[in-house]
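Here's the structure we're looking at; comments come further down.
Just so it is clear, the structure is predicted and the values come from calculations on it, not from any experiment. Order of listing sets the numbers, starting from 1, for every ligand and every atom in it. All heavy atoms count here, side chains included; hydrogens, waters and symmetry mates do not.
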Amino acid sequence: MKNKKKVYVGLSVDIIHEGHINILKIANKLGEVTVGLLTDEAIASYKNIPHLDYKRRKIIIQNIKYVKKVIPQNTLSYVPNLNLIKPDYVVHGDDWKTGVQKKTRSDVIKTLKKWSGKLIEPKYTKNISSTIIKNKILEIGTLPQNRVSRLKRLLSSKKIVRILESHNSLTGLIIEKLKIQKNNIDVEFDGMWSSSLTDSATKGKPDNSSLDFSARISSLNDMMDSTTKPLVFDADNGGQIEHLPFLIRSLERSGASAIIIEDKIGLKKNSLFKDQKGTKQDKPNIFAKKIKKICSSRQSNDFMVIARIESFIVGKGLNDALKRAEIYSKAGADAILIHSKEKTPKEIFAFAQKFRKSKNFIPLVSVPSTYSKVYEKDLIKNGFSLVIYANQLLRAAYPAMQNAAKSILEKSRAFEIDKKIISIKEIINLIKND
Ligand code: SPV
Ligand code: MG
């Protein structure tokens with residue numbers, strides 16, 4: 001049929017449901033439907049990345065009978081694709097008249113006017129949305145293979161991936177669910193950091209590998225049971241090279257997305273201790289063997305190995321750190337964590353400036369515990385793509401609990417602290433049992 005009208009539908013379709021089908025059916029009645037499928041990058045610019053990556057989403061959409069063609073929509077704004085296609089119609093559910101997408105909508109109307117195109121807004125299908133389905137998925141849990149690849153996908157679709165320390169299921173759930181709106185954009189944490197420091201402290205042990213990997217993995221599994229976001233595992237120096245394949249197998253089986261190993265040897269001491277006397281760094285070539293071992297024993301290349309350089313911690317300089325970064329990158333590391341216990345990010349920024357010019361450059365990770373004044377935007381500007389807030393939830397919980405305990409002792413009753421803590425009803429309803 002000649003002269004069929006051109007219809008454009010922008011979709012992200014994380015999880016396809018009958019609401020989407022309804023829109024596409026209406027669009028198809030109007031003419032030939034081109035779907036502008038939002039890329040992971042476009043979606044990441046205003047909310048969390050979808051469960052399925054672009055390629056998989058495309059396969060689904062292009063096989064729907066109402067769809068003629070699928071093209072990428074690289075931005076939240078429809079304008080570039082509309083100018084390209086000049087459709088007669090754009091079809092979108094009427095739910096975008098308010099909220100985050102209001103501006104996107106008015107830009108669509110303005111652009112369509114240029115060639116007298118029309119915006120058609122079918123009534124939004126009630127009681128069904130990707131968010132409702134996503135919450136259902138959270139209740140069921142997520143498959144390890146889906147979770148493992150999520151960190152890599154986040155790294156390729158976001159300017160900076162934001163990870164927060166988690167030491168049990170409750171902290172995992174905070175990271176999973178907490179979302180705020182800043183300038184009409186959803187802001188949330190992208191994943192969890194299983195910290196050796198806070199996992200050990202929670203169990204009353206020092207951060208010196210007193211907690212063995214079985215205990216660490218048991219904590220990790222608790223978090224995995226109740227969350228779907230990716231997890232980065234702090235493995236100290238990884239232990240004996242011969243044991244690494246078994247650790248990797250456990251981590252992948254649990255759905256962890258990355259292991260971070262640090263280039264130290266001997267009795268483990270936390271890197272933030274002032275006194276680092278006796279702390280020894282591994283020989284770079286020996287440490288590189290551990291990286292290679294992880295690469296050869298992982299089942300999926302999506303499982304990332306991140307090499308943590310401790311040169312600044314042990315008082316060695318920039319050149320040592322850079323030399324190691326080259327060696328670790330060539331050995332197969334997927335990213336470099338350059339650690340520092342300075343009050344400012346000066347030394348890690350100097351490192352990044354140099355390493356960025358290397359042909360062996362790989363993504364950079366920052367742990368701003370001592371230089372906590374740094375803003376994410378400055379980390380981005382200096383070439384960092386992952387930030388780990390490594391211990392804040394435990395540091396927040398401990399004084400709050402101590403305060404409650406102290407108040408009961410002081411007042412000889414619990415009434416005074418009751419008003420400052422969450423109610424029993426809330427704690428019962430925090431975890432649903434249905
Ligand atoms: C951890 O959180 O356990 C870390 C980061 O490894 S640091 O405490 O800075 O060593
Ligand atoms: Mg640690």
Side-chain angles (χ1 to χ4, degrees), residues 161-168 171-172 175 189 191-213 215-220 223 230-239 244 247 251 256-282 287 290 304-316 321 328 333 335-345 347-348 351 364-374 379 384 386-398:
V161 176
R162 189 184 296 117
I163 303 284
L164 179 61
E165 171 264 322
S166 176
H167 51 273
N168 59 24
T171 50
I175 295 166
F189 289 98
M192 301 167 278
W193 164 241
S194 169
S195 149
S196 68
L197 172 65
T198 67
D199 196 5
S200 307
T202 308
K203 295 179 171 66
K205 304 244 165 78
D207 184 18
N208 64 0
S209 303
S210 289
L211 222 58
D212 63 15
F213 283 137
R216 296 287 315 285
I217 283 173
S218 162
S219 313
L220 177 152
M223 298 189 255
L231 180 140
V232 178
F233 186 76
D234 171 9
D236 295 337
N237 69 6
L244 268 173
L247 175 62
L251 289 174
S257 301
I259 182 173
I260 300 195
I261 53 168
E262 59 197 55
D263 58 2
K264 283 195 303 213
I265 43 169
L267 178 66
K268 153 84 202 266
K269 199 181 211 181
N270 183 275
S271 301
L272 302 178
F273 271 133
K274 245 206 171 98
D275 173 16
Q276 290 292 332
K277 250 187 270 145
T279 305
K280 279 206 196 85
Q281 223 176 350
D282 208 350
F287 187 72
K290 286 191 180 173
M304 298 176 70
V305 47
I306 303 177
R308 165 168 158 180
I309 298 177
E310 294 279 294
S311 303
F312 291 137
I313 300 292
V314 301
K316 289 191 196 156
Y328 301 165
I336 295 283
L337 189 174
I338 179 71
H339 205 17
S340 166
K341 55 179 168 59
E342 290 298 306
K343 289 240 152 56
T344 75
E347 65 184 10
I348 63 151
F351 170 89
L364 286 176
V365 182
S366 154
V367 179
S369 295
T370 52
Y371 53 95
S372 58
K373 274 191 184 161
V374 74
L379 290 171
F384 286 80
L386 205 151
V387 56
I388 299 176
Y389 298 99
N391 45 45
Q392 287 74 12
L393 288 188
L394 184 62
R395 286 165 57 203
Y398 186 75

So is Glu165 touching ligand 1 or not, going by heavy atoms under 4.0 Å? no
Among non-hydrogen protein atoms, atom 2 (O) of ligand 1 lies closest to Ser195 OG, 2.8 Å
heavy-atom search around atom 8 (O) of ligand 1 in the protein gives Asn270 ND2, 2.9 Å
Output for pair (Trp193 CH2, Leu386 CG), nearest 0.5 Å, gives 10.0 Å
Within 4.0 Å of some non-hydrogen atom of Ser271, the atoms of ligand 1 are 10 (O)
Are any side-chain N or O atoms of Ser372 and backbone N or O atoms of Pro368, one a donor and one an acceptor, separated by less than 3.5 Å? no
Worksheet entry | Pair Ser340, Glu347: side-chain N/O donor-acceptor within cut-off below 3.5 Å | yes
Under 4.0 Å from one or more heavy atoms of Leu272, ligand 1 contributes atoms 8 (O), 9 (O)
Q) Between the main-chain N or O of Lys269 and the side-chain N or O of Lys264, is there a donor-acceptor pair closer than 3.5 Å? A) yes
d(Ile163 CD1, Ile388 CD1) to nearest 0.5 Å is 6.5 Å
- Task: Check whether any N or O atom of Thr198, backbone or side chain, sits under 3.5 Å from an N or O atom of ligand 1, and answer yes or no.
- Result: no
Under 2.8 Å from the Mg ion (ligand 2), the protein N, O or S atoms found are Ser196 OG, Asp234 OD2
query = Any N/O of Ser196 closer than 3.5 Å to an N/O of ligand 1?
reply = yes
query: Does ligand 1 have an atom that lies less than 4.0 angstrom from a heavy atom of Lys341?
result: no
Taken to the nearest 0.5 Å, the spacing of Leu364 CG from Phe384 CZ works out to 5.0 Å
Please indicate whether any nitrogen or oxygen in Ser369 is less than 3.5 Å from any nitrogen or oxygen in ligand 1.
-> no
In ligand 1, the atoms that come under 4.0 Å of a heavy atom of Trp193 are 1 (C), 2 (O), 4 (C), 6 (O)
**Prompt:** Does Val367 have a heavy atom less than 4.0 Å from any atom of ligand 1?
**Reply:** no
>> Can you see whether Asn168 engages Thr171 through a side-chain donor-acceptor pair at a distance of less than 3.5 angstrom?
In response: yes
ask   = Do you see a donor-acceptor pair shorter than 3.5 Å between the side chains of Asp207 and Ser196?
value = yes
For Ala390, the ligand 1 atoms with a heavy-atom partner under 4.0 Å come out as 2 (O)
Atom 6 (O) of ligand 1 has as its nearest protein heavy atom Arg308 NH1, 2.7 Å
Sorted by chain and residue number, the side-chain hydrogen bond (donor to acceptor under 3.5 Å, both in side chains) partners of Ser257 (sequence neighbours excluded) come out as none
Side-chain donor-acceptor contact under 3.5 Å, Gln281 with Asp263 = yes
If you scan protein heavy atoms around atom 9 (O) of ligand 1, the nearest is His339 NE2, 2.7 Å
In this structure, OG of Ser194 is separated from CG of Leu251 (nearest 0.5 Å) by 9.0 Å
Per side chain to side chain contact (heavy atoms under 4.5 Å, CB included), Ile175 is matched among Met192, Arg162, Met223 by Met192
inquiry  = Pairs of nitrogen or oxygen atoms closer than 3.5 Å, one from Asp234 and one from ligand 1: do any exist?
reply    = yes
